[in-house]
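I have placed the structure first, in the form of C-alpha cells, so that the comments after it can refer back to it.
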Amino acid sequence: LQSPLLDARQRVIGRLNQAACLVYVERFRDADAVLDDLCRETLSLGFLNFHASALELRAQAALGERDFAAARTHIAGALA
C-alpha cells in the first residue's frame, strides 16, 4: 500500500480491503483506526462510493463492538 507505483484509487481500494479483513477477523478497533483515516481521505479526494464503503465497514465494526448508535450513524452517512 506504500508503493509509489499505486495511484490514489488503487491505494484506497487496498486499504478498504485491509479494513474489511480486519472486520472479518474481528479486530474492530484496528479496522476503525484504518477506516477513520480512510473516511477523511476518500472525502478529500471526492471518492464518494469508496467513502460509502468505508462507512459501511465502520458500521460493521461498530456492530461488532455492540455500539449500535455509532453503527446507525455510519449507515446513515453511507446512504446520504
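Values below: all heavy atoms of this structure, side chains included; hydrogens, waters and symmetry mates excluded.
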Enter the distance from [X]:[atom1] to [Y]:[atom2] here, rounded to the nearest 0.5 Å.
X: C21; Y: D30; atom1: SG; atom2: CG; value: 12.5 Å
X: Q60; Y: L22; atom1: CD; atom2: CG; value: 12.5 Å
X: D37; Y: R15; atom1: CG; atom2: CZ; value: 4.5 Å
X: L35; Y: Q18; atom1: CG; atom2: CD; value: 9.0 Å
X: Y24; Y: N17; atom1: OH; atom2: CG; value: 14.5 Å

Keeping to residues at least two apart or across chains, list the ring-ring contact (aromatic ring centres under 6.0 Å, His included) pairs with something in residues 51-80.
none
With a 4.5 Å cut-off on side-chain heavy atoms, are [Y] and [X] touching?
X: T42; Y: L48; result: no
X: I75; Y: L55; result: no
X: F50; Y: E41; result: no

Which heavy-atom pair separates [X] from [Y] by the least distance, and what is that distance?
X: L45; Y: A8; result: CD1-CB, 4.1 Å
X: A62; Y: A71; result: CB-N, 3.6 Å
X: A31; Y: A19; result: CB-O, 3.9 Å

Linking I/L/V/M/F/W/Y whenever their side-chain heavy atoms sit closer than 4.5 Å, directly or via other members, would V34 and V23 fall into one cluster?
no
R40 bridged to D36 by N-O distance under 4.0 Å:
yes
With sequence neighbours excluded, give me every salt bridge (charged side-chain N to carboxylate O under 4.0 Å, His left out) pair touching residues 64-80.
R29-E65
